[in-house]
Amino acid sequence: MPDDALSPILETLPDTRKRLKEMREILLANAVMFGEIPAPTFAEAARARFLMDRFTEGGCLSASTDEVGNAVGIVPGTKSGSGCILLAAHLDTPFAKSVDHTVTVQKNGLAGAGILDNALGVAVIASLPIILEKLGIEFEHDLLLMGSTRSLGSGDIEGMRFFLNNNKLPIEAGVIVEGATLGRLSYASLGMSRGVVNCRIPHGYDFSRFGAAGAVAILNRVISGILNIRTPKEPVTQIILGSVEGGTSFNTIAKSGTLRYEIRSEQSGLVGDINRQIESLLGEIRSSSGVTLRLDEVARRHNGGLTYTDPLVSTCRAVMEVLNVDTIVAPTTGELAALIENNIPGVTLGMTYGENRHMQDELVAIDPIFTGLAQLLAVLQAIDKGICHDEA
Amino acid sequence: MTKLESWIQHNTFHHSQFYDQLELLKQKEKTGLTISLCIPTLNEEATIGKEIVIFRSELMERYPLIDEIAVIDSGSTDKTLEVASSFGADTYFAGDILPSQGHKRGKGENLWKAIHQLKGDIICYVDADIKNIHPRFCYGLVAPLLYRPEMHYVKAFYDRPLAFSQGVRPSGGGRVTEILVRPLFSLFFPELTGLVQPLSGEYAVRREVLERLPFPIGYGVETSHIMDVYRQWGLEAFGQTDLDQRVHRNQETLSLGKMSFGILQSFLGRLKLMGMEGDLPEMTNTLRQFIAKDQQYEQICHEIVEEERPPMIDIPEYREKMGYDG
């Protein structure tokens with residue numbers, strides 16, 4: 001994108017941020033109301049329905065949900081039909097329905113389970129139609145707003161994948177909105193695999209044989225084996241042992257157990273290699289112990305994405321610079337990975353600063369949200385003006 | 001069908017009936033009525049911000065159902081007024097309203113002074129300690145008054161869980177109602193037992209009714225309102241709306257005892273006015289409670305006087321403001 005096209009957008013940023021502050025209650029009310037609707041992965045229907053209501057109230061066209069529960073609405077552009085810009089936030093949270101979802105509003109912050117990840121992101125999407133109307137901002141492209149389902153854990157960004165696999169509308173580019181952190185700039189996806197190892201002691205298991213042990217001890221062997229797998233420091237590669245569960249009491253040998261892990265790597269193909277090593281490890285333990293060991297891969301991402309010098313990425317950096325926001329370049333395993341798999345250029349942006357992520361007292365700072373929103377609007381305007389075509 | 005059954009069937013609503021805000025807005029315009037939302041407060045900085053944000057966004061900006069939001073405060077020592085004001089509410093110290101009438105501490109005092117301070121033809125009172133605040137806490141109460149001109153006083157009821165450390169209990173609350181008020185109503189005013197939560201702090205009332213009601217300034221304000229409205233306008237003046245769940249602070253049993261004492265004073269006072277008191281002895285204002293620690297039993301005496309404000313329509317400044325003497 002030529003500088004002379006970006007300059008007018010950058011010049012209006014301070015004023016845009018100021019005017020956005022005048023719409024504070026609209027955004028905060030949405031954040032509170034979305035935050036108080038529980039939405040664990042695979043159970044996002046109530047949140048999706050509320051988002052649909054907001055789309056309808058905001059005058060969006062074709063407000064609808066699809067087979068996997070995504071909520072979608074279109075803000076029509078002045079040259080409607082020429083293509084769309086996708087703006088999405090995931091609807092689900094890692095918190096069970098039984099967790100207290102009350103959000104508290106303080107003078108400078110919002111607090112509550114899931115307010116940061118990602119009630120605030122969804123609130124931004126929900127508020128956008130009314131914000132655009134009040135600011136008098138129009139796009140040439142259609143703006144495709146979306147609350148996506150099944151993002152986290154074993155959800156495997158299934159909502160976004162389903163949408164992109166079945167959508168007929170031409171998508172120019174996508175922006176994924178996350179509550180935190182302001183300055184975040186994700187434009188590439190990490191290779192990633194999430195696996196669940198299930199260990200089960202078969203009926204009639206011979207505990208007198210050499211080396212016989214319960215499921216917990218077997219999982220311990222699996223963990224030791226995984227820790228012995230060599231991973232390069234550069235490109236960064238990591239195996240995260242996320243959780244271990246098994247057994248029922250002090251004095252009963254565990255009959256079953258589960259290990260959850262995630263492999264992530266910047267190096268293409270390495271995640272698959274490590275997974276194969278884990279498969280071999282399980283085969284070896286299975287044959288020597290006689291227990292049932294099963295590996296299920298529940299989520300997978302591929303390496304890829306834009307480059308640091310891509311015009312979309314450069315534009316995001318320029319916008320952040322004008323707003324005095326420090327850029328934090330970080331790869332993603334979120335919805336952007338699905339865009340990358342479908343060769344759609346895109347970035348993930350954070351809206352504000354927060355604390356206690358994924359704890360029940362997640363905290364969101366209010367004032368920086370308006371910087372985050374101004375940033376988002378500028379990036380969308382730049383995309384609308386053709387930023388994604390210039391490199392080609 | 002008895003009168004009470006008929007009343008329950010026709011005058012009990014669920015907030016979801018009024019979900020269509022655009023429709024409600026059209027109805028408001030048709031009636032030409034204005035609506036004020038009043039939130040009485042005393043040290044509510046933890047919850048007041050959220051209430052103001054939600055009500056302003058949903059019921060003023062998005063759908064302008066309410067014409068003003070006012071916080072009437074009894075003298076908070078925390079940041080209640082600062083927080084409320086920062087989110088755009090009009091804030092008042094009750095003592096600054098009608099200064100010639102003096103200042104008394106109590107929620108009823110705030111509700112009474114709101115009649116003078118606020119402009120609306122309908123005033124909707126909402127407590128400030130609701131953790132799960134939602135626009136339904138206002139529109140669910142106001143809507144019946146917009147659709148039913150014969151209705152004057154709409155009360156909230158809910159499945160009211162008590163918030164506690166392990167999350168939210170699915171039922172409970174309303175202990176004073178079930179132990180004190182409902183038995184009293186059952187004995188003396190059986191028709192009023194149709195009100196599911198007579199003590200709920202959320203209700204919407206027409207000005208012409210509010211200004212004619214005396215206001216106990218303490219715990220008895222809701223009970224005496226119900227008795228006074230019933231006496232002057234009959235059962236048909238009441239409506240009630242199911243607002244589903246309400247999550248709020250739990251109160252200790254000893255506090256409920258004090259509340260019950262105040263309510264009982266108001267109730268018996270009303271009985272006397274209505275010539276129904278029978279052979280009651282002179283009433284004391286002293287409530288005695290006990291605190292036990294090991295083998296020591298300490299008696300705590302509380303002086304609880306249910307002071308009462310006269311109907312607002314009798315106050316000269318109010319008559320002048322409303323142009324009643326011109």
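To find a chain, count down the sequence lines: A is the first, B the second, and so on, and within it residues start at 1.
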Taking every heavy atom of B/Glu58 against every heavy atom of A/Ala29, the minimum-distance pair comes out as OE2-CB, 3.8 Å
Minimal heavy-atom distance between A/Gln106 and B/Phe87, with the atoms involved, is O-CZ, 3.4 Å
Flag if over 12 foreign heavy atoms under 6.0 Å of CD, A/Glu133: no
If you round to the nearest 0.5 Å, how far is CG of B/Leu22 from CD of A/Glu57? 8.0 Å
Between B/Phe55 and chain A, with a heavy-atom cut-off of 4.5 Å, which part of the residue counts as in contact: side chain, backbone, both or neither? neither
Tightest non-hydrogen contact, residues B/Ser57 and A/Glu25, listed as CB-O, 3.3 Å
Work out which heavy atom in A/Val103 is nearest to a heavy atom in B/Lys50; give both atom names and the distance. O-NZ, 2.6 Å
B/Ile48 side, atom CD1; A/Thr104 side, atom OG1 - distance, nearest 0.5 Å: 13.5 Å
So do the side chains of A/Arg54 and B/Arg62 get within less than 4.5 Å of each other, counting heavy atoms only? yes
The interface call for B/Ile133 against chain A, heavy-atom contacts under 4.5 Å, is backbone
How far apart are the C-alpha atoms of B/Glu61 and A/Ile130, what are their side-chain angles, what is the distance that settles it, and do they pass the side-chain contact (heavy atoms from CB on, under 4.5 Å) test? CA-CA 10 Å; B/Glu61 304 247 354; A/Ile130 198 166; over 6 Å; no
